[in-house]
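Reviewing the structure listed below.
Please read these numbers as outputs of a predicted model, since none were measured by experiment. Proteins get letters first, then strands, A, B, ... in listed order; numbering begins at 1 in each.
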There are 2 protein chains.
Amino acid sequence: MADGRMPAAISGENLLFLTDEQLRQGIEAMFFAYRGFTADPDRILSNLAYGRAHHRAIHFINRAPGTTVNNLLNILGVTKQSLNRVLRTMIEDGLVESRVGKSDKRERHLYLTDAGRALEGQLSDAQRVRMRSAFRDAGPDAVAGFRTVLEAMMDTEMQRTYTRLKESGA
Amino acid sequence: MADGRMPAAISGENLLFLTDEQLRQGIEAMFFAYRGFTADPDRILSNLAYGRAHHRAIHFINRAPGTTVNNLLNILGVTKQSLNRVLRTMIEDGLVESRVGKSDKRERHLYLTDAGRALEGQLSDAQRVRMRSAFRDAGPDAVAGFRTVLEAMMDTEMQRTYTRLKESGA
DNA sequence: ACTTTAAGTCAGCCTTGTTGACATTCCAAG
DNA sequence: CTTGGAATGTCAACAAGGCTGACTTAAAGT
């Protein structure tokens, strides 16, 4: 198994990881792990006037500075009314800057201000501490498997979005 | 590496999977994958008068029939008022049955009715289809890694809850 | 000129989380 | 036997963050 090869006709024994019980454990692992995944930034945000929605917006603006509202909408998968609400508060609070597009003046390009970057760093650090600890405990092979399964779990459009972001950041 | 051993002083090369960029990709993978993870049951539920909270309750009642409200509270990590709201609607709608405890009559033990089990099966099937496909695409080694990382990402109390459930189901 | 697109806004609704206050019922310890 | 605490349930109020629908403005495309 170490070489990763798989016989053309997969034997019954190899399918034991696909039993309903195994799938259920995977489902429950996702549920509990996601709670841990969001717990640390949530704790920080609860002291401020922001929530998880702000965290997501701030994360992806930091990831792709100058992104348009429409692009962010596609990444986040919410309506523009929902996004606009969190965006407006963060612009008012001086965390996000909205600049009119040069070539297309209808578009607004979004950037984090210094204050925005500071908050982003605080939230990211908290989330990365847990992620780093989990990755270190699990080891590189487990991390590779983790990412493989997560990618396979995404919708096709999300896979493309994820890959595009991944490649832009490398 | 196949034997899983790790030198006492971990070399720099082995830590490449712990760079901030790798961690960020892991964080984004979790975000996008969780959306996929919940998408199918959410679609089914949107046609009914229920939401994700109902799905979670119904899942764990099915998993541990006869569980008390308090126990369910600990698993789900919400307040009793939140849980009570979804529980009440499902009891009214005849999906969940609440029986007074025998030894301790303060406790209510929760069971799914036939209708409840039918809905649970419908939701689980939808979620399992995606999970099975992701697991199959990724292969058994990746799945093992996936679960290792997820477990390491949980809070300690969630790990215990998760393990207890896992062992009760095996 | 007309249509489409990007963005923003207003109003209203739903789900799901939160606190706080309070009643009931029952077990168990003094 | 009484009383304190635990488990449950309920009411009220509120907030975050989703949603739809309708509409405006401005710019771009055709």
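Considering only side-chain N and O atoms, B:Asn70 lies nowhere under 4.0 angstrom from the phosphate OP1 or OP2 of D:dA6. Using a 4.0 Å cut-off, some side-chain N or O of B:Arg56 falls inside it from OP1 or OP2 of C:dG17. The shortest distance between the side-chain N/O atoms of A:Thr79 and the OP1/OP2 oxygens of D:dG18 is not below 4.0 Å.
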TODO: For the pair B:Asn70 and B:Glu107, evaluate side chain to side chain contact (heavy atoms under 4.5 Å, CB included) and give the outcome as yes or no after the intermediate values.
DONE: CA-CA 8 Å; B:Asn70 232 355; B:Glu107 294 180 342; over 6 Å; no

- [ ] Start with the C-alpha distance between B:Phe60 and A:Phe31, add both sets of side-chain angles, then the distance that settles ring pair (Phe, Tyr, Trp, His ring centres under 6.0 Å), and finish with yes or no.
- [x] CA-CA 11 Å; B:Phe60 286 108; A:Phe31 170 68; 5.5 Å; yes

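Going from atom CG of B:Leu87 over to atom P of D:dT10 covers 10 Å, rounded to whole Å. Taking atom CG of A:Leu73 as the reference point, atom C1' of D:dG18 lies 13 Å away to the nearest angstrom. Protein atom CG of B:Asn71 is 18 Å distant from nucleotide atom P of D:dA6, rounded to whole Å. To the nearest angstrom, C1' of D:dC11 lies 11 Å from CG of B:Asn84. With rounding to whole Å, B:His109 atom NE2 is found 12 Å from D:dT8 atom C1'. The CG atom of A:Leu83 sits 12 Å away from the P atom of C:dT9 (whole-angstrom rounding). Between the NZ atom of A:Lys102 and the C1' atom of D:dA27 there is a distance of 18 Å, given to the nearest Å. The distance between atom CD of A:Glu92 and atom P of C:dG8, rounded to the nearest whole Å, is 12 Å.
When the nucleotides D:dG17, C:dC27, C:dT5 are ranked by their closest atom to the side chain of A:Ala53, D:dG17 comes out on top. Taking every side-chain heavy atom of A:Gln81 into account, C:dC10 is the closest of C:dC10, D:dG17, C:dT16. Proximity note for B:Val78 (side chain, C-beta onward) versus C:dG17, D:dC19, C:dG8: the nearest is C:dG17. Distance from the side chain of B:Val86 is smallest to C:dT16 among C:dT16, D:dG17, D:dT10.
Between A:Arg117 and A:Glu97 there is no salt bridge, since no side-chain N of the basic residue sits under 4.0 Å from a carboxylate O of the acidic one. Remark: B:Arg24 engages B:Glu21 in a salt bridge, criterion side-chain N to carboxylate O under 4.0 Å.
Below the 3.5 angstrom threshold, one finds no donor paired with an acceptor across the side chain of A:Arg106 and the base of D:dA26.
Looking at which nucleotide of DNA chain D each of A:His54 and A:Arg108 is closest to, the 5′-most match is held by A:His54. Annotation: of the two residues near DNA chain D, A:Ser82 and A:Lys105, the 5′-most nearest-nucleotide partner is A:Ser82. Heavy-atom distances to DNA chain C give each of A:Arg85 and A:Asp104 a nearest nucleotide, and the one nearer the 5′ end belongs to A:Asp104.
Within 4.0 Å (heavy atoms only), A:Ser103 reaches sugar-phosphate atoms of the nucleic acid but no base atom.
Donor-acceptor pairing under 3.5 Å is lacking for the side chains of A:His55 and A:Glu120.
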